[in-house]
Structure formats: structure tokens, C-alpha cells
2 protein chains.
Amino acid sequence: MTQTIISSASKEVIIGFDQPFVVIGERINPTGRKLLAREMKAGDYSRVQADAMAQVEAGARILDVNAGIPLADEPAILAESIRLIQSITDTPLCIDSSIVEALEAGLEAYEGKPLLNSVTGEDERLERVLPLVKKYGCAVVAISNDDSGISEDVNVRFDVARKIVERAMDYGIPAGDVIVDPLVMPIGAINTAGRQVMELVKRLREELKVNTTCGASNLSFGLPNRNGLNSAFISMAIASGMTSAITNPLHSELMQAVRGANVIMGHDPQCSAWIHSYREPGSGEGPQRGRRGGRRRHVASA
Amino acid sequence: MTQTIISSASKEVIIGFDQPFVVIGERINPTGRKLLAREMKAGDYSRVQADAMAQVEAGARILDVNAGIPLADEPAILAESIRLIQSITDTPLCIDSSIVEALEAGLEAYEGKPLLNSVTGEDERLERVLPLVKKYGCAVVAISNDDSGISEDVNVRFDVARKIVERAMDYGIPAGDVIVDPLVMPIGAINTAGRQVMELVKRLREELKVNTTCGASNLSFGLPNRNGLNSAFISMAIASGMTSAITNPLHSELMQAVRGANVIMGHDPQCSAWIHSYREPGSGEGPQRGRRGGRRRHVASA
């Protein structure tokens, strides 16, 4: 049973085949958030800290931190964001940048074993990021695209993932510290996008024995009722074996789908997390003992 | 690709591996509905008809009809319910009774090829119901319990299903006309209930090549926020290959999970059913062309 341990100075989170699904909060990211970008650039991290606490409160078990602001000193801002977030929460972090120097500055500032986001199958990226993963002993998100771009062929995406895992092992990084993102395409454009992810997650789990993650919300791009579609998708991805996602925990419908999927997968013993989240006030602690099926099972009400 | 065709005089519904998931509306059932029971017994079918129309409107593609009222003439009431429902809708029906004489009266009254609910693996039941299935050329729900009751061992439940399918074939009934209910246990009592169903559905599909159905709502018995849990479950059951369920289409959250799962499975071409259900007024017809992934895929808003 593959397990990837991510930690802060005082707290471990396990991403694993036999573990509850891990939501990695995506909110601390100035991309598309002009106000946040302006504040971070000006050295005001109050919203970063508020977003961190709100996401932890909502159920995120790891927080993604991205400081990608045009014309700003991204390494310094990312490092400072990480220091400030670690000063107010023990939730482990995912250090997210497309700039290798920013990844390194984040790793330098971080206390514990973070998740690094990300490496791709591009040779130049592999050669620059994997030594950092090895040096700092962290785990890494591996995105299954390479120098030729993102393939619509799942076999090609699988092969890219395998290449990254093998290359990581060449650097002495255990496969268990590579979490593969099979890439979620918008299903409004590619009708097979959902099945692709489900098939890839199964193969990544069975053949490469690695944990998986994804940016879940890309699936619903351009469609109405995105939260509704993302919620169905995340339950189904979990049913297929996906073990984490980088997504927005502030969407209660999505978190309900994750909590429900944890129950269905048998990863919420005694349904206690479910009951804790949804019990009505004053209704007591435990579940009623259920009926064990039987012929009159389709009982309607009223 | 297994397909089970259920029909009324003028309309066919296909339950199949490559088809959108079929919701069988469970509401027309006096069990636990005292008012409905009293009305049906007194010959007042207005609520039966209203429930039929409301469920069709909400997205049910087949309607289950049950007339199980203590000390009433169930065969006559079931037959009359079927006649009246068929007079107002062309939606095919599922004839539901634990009394064989009522099943036969329903079959006699029905126009088209109905689904019969149900046969079990009990020998006496097999010997009485299967000849009716053959005589009337209908399809049948096969519930995987037998004379020894409901096993918590999935292998035993699978073997009961296989026994029913083989027995049906002995009577000249094609396996494609047997829809197996693997039995959904309350997960508050049996933590593995969800995984059991997912595993059974896969095996029933791959080894017996049969369609599947279930009474989805039994899963959440005794737990809070039942609709939320049922919604996650139904998406995951569809991901595992389940092709229909007997459930309540009036729960919009559940229907959203079904419609979302149809999209993810690639069974909603161009996402047109999804868009039809959820587009905002005046927002136009089609989906926007989505992005094809890429590195900056975790785009946050505001």
C-alpha cells in the first residue's frame, strides 16, 4: 500500500491507497486574483493567512502556496508566504511554482517535508527539479506532459508518468514520493476526459503503484453548474483510486462529495467524520444501526 | 455490450453498459406512505398519477409501481394502477410485488415489455417467477439473496446472482433480460458496504455480463445528510459500472449526481443533457470550448 508522507514541523499527513482522500487547498494563488496579487507584491500577507485558515477550517489537509505574480520577486514572496503560513498553522504545504528558483527558495524556508508542485516530463525541468527533490527529501507532483505538450492519448500520458517516476528513482527518490497528475481535460471539449482520468488513475495505481492528484476543476471548464459536475467527478475519481486533488475546499458541495466518497470507500471508520460534519444539532453522536437490506428495501416516506 | 430493452406501447428505454444511467422512480409505493395506501385501497389513484408525472418530469426513465397494502386486493390494485399510469404516460414501468399473483396481474394489464421486480435466489421464488418472465417476455430484477438470507460475503452474493442468471437461461430467458441487484447494505452498520457494491457491480458486469440496479438509498440508512451520501454513492456506483437504480428522482442533488456521472462516463454527448438541465437562462446553447489543461491549470477566481 503506497503511502506518501507530507509534513510540517509538527504534523504529518499521509496520502495513500488505504487513506482518506486528501484535499490540497488551491486558494493561495494570485493567478486570476488581482487583489491578492497586488497585496502579496506589496508585502501584505493578511489575505494569504486568512485564506490559509479558512481552507484548513473547511477541510483542506495540505495547502498549496503559489506566488506567481508578473514582475514581482517570486522566490522572496513565496518564501515569505510559506514562513508566515507556517507561523499560524501546522498544516503541511505544497510549494507551487513554475520557476525553479522560487521552488528552491520555498524549500529553503519550509520546515518539514513539503510537496513540491511540480515537475513535468520535460527533460530540462526533470534535470532541474529532481535534484531539489532529492536534496530536500520532499515529495513531488509529476504532471504527465512533456516536451511534445499534452497528449490526448492516455497511453502517451501514462508513458510520460512512467518516465518521470523512473527518472526520479535514478536520482534516488522513491516512487512513493512521486504523486502523478494524469491531467484533467475539459470535458466540454473532450467527451472522453472523465474516462481518461479514471483509466489513468487505475493504471498509475496498479502498474506504477503511485499516488495521484489532479486539478479537479479543469474538468468542468466552460460548462454550467461547475461545482455540481466537479462533485460528481471527484467522487468517481476517488472510486477509481485517486488519492488527492488540488481544489477549492471552500465549495461545500465538493467537500461533501469527498467526505461521502471516503465513507463509501470504507476510509471513514464508523462514518465518524461524516457524522461530525453533518449531524443535526442535538441529534446525538452515533449512527443508528441500519437495516441489513431485505426485500422491502425501497421504503418511501410520507 | 449488454443492453436490456424495457418498453411501453410506444416508447423504449435501453439499460446498457454504453448507455446513460437509468433512474427507476421508486415513489409509487405505499410502504411507509399511509395516506397513499389508504387512497389506493379506496380506489383513488389521483396521487399515483401525480407521482408518476412528477417523477417523469424530474428525470425518471422507468417508474416502479408497487401496491403492497396489508389486507387489500393487491393484484387488482396493482393492475389498476398500471392501467391508469399507462393511460397518462408512455414511460415504461417496473412491476413490483412480493406476491406472485400480483406480479401476474400486473403483467396481464401491462402494454409493452416491463421490468418485473423481482426474483430472488430462493428456489420457490425462482420456480414461480421465472415462468412468468418467460411467458410474458419481460425483463426481471434479480436480488442476490437466497433461502439462507442475505450474505455479507460478496462471493456468496455473486454466486446467488450467477445461480439466478443460469436458472433464467434454463427457462430460455436471455441473461441480458436479468438485471441484478447486488444488495446495498447500510454503511453505518457495515463499513465495507460501499466497496462490496462496487466490487460486485464490476464482477457482475465483467463475468456475468449483466446489467445492474440497486435500491440506492438503503446505503445511508441511519446517517445524517442522506441525500448527500446517496449522491456520492450513486456517482461511484456508476463509475464502477452500475447501469440503473431504483431511487427517488425528486431529490435534485441525487439527479445532479446521476447527470454528472453520465457526463464523466462519456454518456452525455456534447454534455447536452447537462447543459439543458443547468444552463442559466439566456446564457446560450453550447459549451464554451475548454482549455486543454496546461501548467496554470489551478486557476482561482477573484
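Computed from a predicted structure; not experimentally measured. Heavy atoms only: backbone and side chains are in, while hydrogens, waters and symmetry mates are out. Letters A, B, ... are given to chains in the order of the sequence lines, protein chains preceding strands, and every chain is numbered from 1.
Comparing B/A257, B/G149, B/S235, B/G260 by how many heavy-atom pairs each has under 4.5 Å with chain A, the most go to B/S235. The residue among A/P224, A/S240, A/A239, A/G194 with the most heavy atom pairs within less than 4.5 Å of chain B is A/P224.
Interface remark: B/D268 contributes backbone atoms only to the contact with chain A (heavy atom separation under 4.5 Å). The contact between B/P269 and chain A is made entirely by backbone atoms, counting heavy-atom distances below 4.5 Å. For chain A, the nearby parts of B/M236 are the backbone and the side chain; heavy atoms of each come within less than 4.5 Å. Heavy-atom distances place the side chain of A/M198, and not its backbone, under 4.5 Å from chain B. Of the two parts of B/Q196, neither the backbone nor the side chain holds a non-hydrogen atom closer than 4.5 Å to a non-hydrogen atom of chain A.
Taking B/Y278 as the reference, B/W274 meet the ring pair (Phe, Tyr, Trp, His ring centres under 6.0 Å) condition, with sequence neighbours excluded. Evaluation of the side-chain hydrogen bond (donor to acceptor under 3.5 Å, both in side chains) rule for B/S277 yields B/R259 as partners, not counting sequence neighbours.
Heavy-atom minimum distance, A/N191 versus B/Q270: ND2-N, 4.0 Å. Contact detail for A/C271 and B/G188: the closest heavy-atom pair is SG-CA, 4.0 Å. A pairwise comparison of heavy atoms in A/R195 and B/H267 identifies NH1-NE2, 3.6 Å as the closest pair.
Considering only heavy atoms from C-beta on, A/L219 stays 4.5 Å or farther from B/V263 through its side chain.
Here B/L229 contributes atom CG and A/Q256 contributes atom CD; the two are 8.5 Å apart, rounded to the nearest 0.5 Å.
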